[in-house]
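Letters A, B, ... mirror the listed sequences (proteins, then strands); counts begin at 1. Side chains are part of it too, since the values below use all heavy atoms of this structure and drop only hydrogens, waters and symmetry mates.
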There are 2 protein chains.
Amino acid sequence: MSLDKSKEVDTRTRILDASGELFRRRGYSGTGLKAILAASDAAYGSLYYFFPGGKEELAAATLRAGGVVYRELVEAFFPEGGDVVNATQVFFEGAATMVEMTDYADACPIATVALEVASTSEAMRQAAAEAFESWLEVLERRFREAGISSVRAREVAVEFFCAIEGAFLLSRTLRSTAPIVIAGRASSAVVAAALAEPS
Amino acid sequence: MSLDKSKEVDTRTRILDASGELFRRRGYSGTGLKAILAASDAAYGSLYYFFPGGKEELAAATLRAGGVVYRELVEAFFPEGGDVVNATQVFFEGAATMVEMTDYADACPIATVALEVASTSEAMRQAAAEAFESWLEVLERRFREAGISSVRAREVAVEFFCAIEGAFLLSRTLRSTAPIVIAGRASSAVVAAALAEPS
DNA sequence: TACTGAGTAGAGCGATCACTCAAGTGCTCG
DNA sequence: CGAGCACTTGAGTGATCGCTCTACTCAGTA
């Protein structure tokens with residue numbers, strides 16, 4: 001395609017980037033295609049060329065893309081063989097910083113849409129479920145590698161997830177990072193306790 | 001008004017009931033006024049008579065009403081002088097049952113709308129924040145009364161909230177009650193540990 | 001030069017959106 | 001009875017929704 005155009009980004013990616021930001025901030029129904037098109041400097045024709053299924057297909061693809069980005073983020077914070085207790089603490093601190101820096105707009109790229117469409121669109125619900133599941137798998141694997149039993153590793157991963165997602169919700173609603181800080185301390189304590197259990 | 005009409009419910013309440021169910025399931029933007037009107041068997045005029053501010057005022061009132069109902073629910077599960085560890089366990093079990101019985105549609109009456117409007121409508125964000133805060137206050141008070149220190153009581157209340165809200169999100173998305181069960185076990189353990197701390 | 005296919009462009013479509021408003025209904029008063 | 005008030009009714013408004021469709025640009029190829 002392009003050999004030296006390091007700055008230019010193709011239209012499909014621009015649309016996906018714009019929809020990712022808008023969907024997570026305003027939700028699925030709250031985001032119009034016109035807004036996405038304007039933000040990505042694209043036309044209707046391009047959107048329907050890349051996403052023939054329309055808004056729903058675009059949103060599912062956006063959820064998948066957001067899921068991958070966040071999974072890689074978790075992998076970056078939890079490197080193989082690293083200290084999972086410290087990683088947990090640092091992860092929550094990073095989340096608090098990000099939420100505050102974006103004025104409580106950007107938190108989870110999936111949650112807002114997931115709640116909105118869970119009882120409405122099976123295709124989108126599944127895309128969200130796969131994203132969440134991929135994060136849980138990374139966490140579970142790291143916890144297992146750190147010596148936590150298989151069963152407990154899954155549980156601790158779920159508890160980690162619930163803590164961060166609940167904290168995101170409360171933080172954005174109250175406009176305070178305190179819930180994320182509290183949830184972070186609690187979660188790293190939970191991970192530490194699980195590590196200390198007899199395997 | 002009415003002396004013996006035990007079955008009839010006034011229009012304002014019917015509208016609020018219908019909007020409560022629809023908003024929590026489909027979100028704010030995803031719910032049209034026509035759908036609310038049809039579900040509550042009311043007309044446009046009635047809606048704008050009781051909520052002159054239109055959809056936004058209706059949604060704020062709906063959030064407030066849902067907040068009260070849920071606060072009373074928490075108070076019912078956590079009676080004064082009761083066993084807070086057991087109450088936590090039973091609360092999560094009840095939540096799991098409710099979510100499953102409604103086919104993963106009804107969980108938190110606030111969360112879906114809160115995430116959607118947190119960065120969009122200050123009036124609605126505040127209504128959601130007040131609802132959440134009222135739940136936290138009930139939990140915090142009960143934990144304090146049970147002997148947990150003031151600072152820890154607030155933290156445990158926040159952790160409780162994050163656990164249940166995160167579990168609701170994961171449960172509805174995965175269509176499984178397992179996250180709620182796991183979060184319930186973890187939360188009651190957290191409460192028990194806080195009780196055991198030196199006051 | 002002519003052709004092809006990938007991608008762009010945006011006017012226009014019917015449907016639906018939140019909302020307004022003038023004309024009601026039925027109840028409680030004097 | 002009739003005035004006044006609380007509430008209801010639903011057709012109509014302009015705006016915006018997701019989406020379609022035809023026409024277009026332009027690089028690559030023969």
- Phosphate contact (D/dC7 OP1 or OP2) by B/S46 side-chain N/O below 4.0 Å: no
- Task: Answer yes when A/E75 and A/R71 have at least one side-chain N-carboxylate O distance shorter than 4.0 Å, and no when they do not.
- Result: yes
- So, are B/E140 and B/R152 salt-bridged, with charged N and O less than 4.0 Å apart? no
- Taking atom C1' of D/dA6 as reference, at what distance in whole Å does atom CG of B/L47 sit? 17 Å
- For the pair A/T31 (side chain) and A/L22 (backbone), establish whether a donor and an acceptor sit closer than 3.5 Å, ignoring hydrogens and angles. yes
- With under 30° as parallel and over 60° as perpendicular, where do the rings of A/F132 and A/F161 fit, or are they tilted in between? perpendicular
- Task: Please report, rounded to the nearest Å, how far the P atom of D/dA6 is from the CZ atom of B/R12.
- Result: 16 Å
- Message: Using a 4.0 Å cut-off on heavy atoms, which residues in residues 28-43 of chain B reach DNA chain C? List them by number, or say none.
- Response: B/T31, B/G32, B/L33
- Determine whether B/I164 and B/F91 make a side-chain contact, defined as any pair of heavy atoms from C-beta on separated by less than 4.5 Å. yes
- Message: Is the phosphate of D/dT8 approached by B/T11 (side-chain N or O, under 4.0 Å from OP1 or OP2)?
- Response: yes
- To the nearest angstrom, how far is A/F51 atom CZ from C/dA6 atom C1'? 16 Å
- Task: Ignoring the backbone of B/Y44, work out which of D/dT20, D/dC7, C/dC19 is nearest its side chain.
- Result: C/dC19
- Task: Check the angle between the aromatic planes of A/F78 and A/F160 and answer parallel, tilted or perpendicular using the 30° and 60° thresholds.
- Result: perpendicular
- Message: Near DNA chain C, counting only heavy atoms under 4.0 Å, which residues of residues 53-60 of chain B show up?
- Response: B/G54, B/K55
- Message: From OH of B/Y49 over to P of C/dA22, roughly how many Å is that when rounded to an integer?
- Response: 18 Å
- With the threshold set at 4.0 Å, does a side-chain nitrogen-carboxylate oxygen contact exist between B/R172 and B/E165? no
- Query: Can a salt bridge be assigned to the pair A/E116 and B/R26 using a cut-off of 4.0 Å between side-chain N and carboxylate O?
  - Reply: no
- Item | Beyond-backbone contact of B/T177 with B/Y104, side-chain heavy atoms, under 4.5 angstrom | yes
- Return the value, rounded to whole Å, for the distance between atom CD1 of A/I15 and atom P of D/dG18. 14 Å
- Check every strand shown and say whether B/F50 touches a base, only sugar-phosphate, or nothing at a heavy-atom separation below 4.0 Å. sugar-phosphate
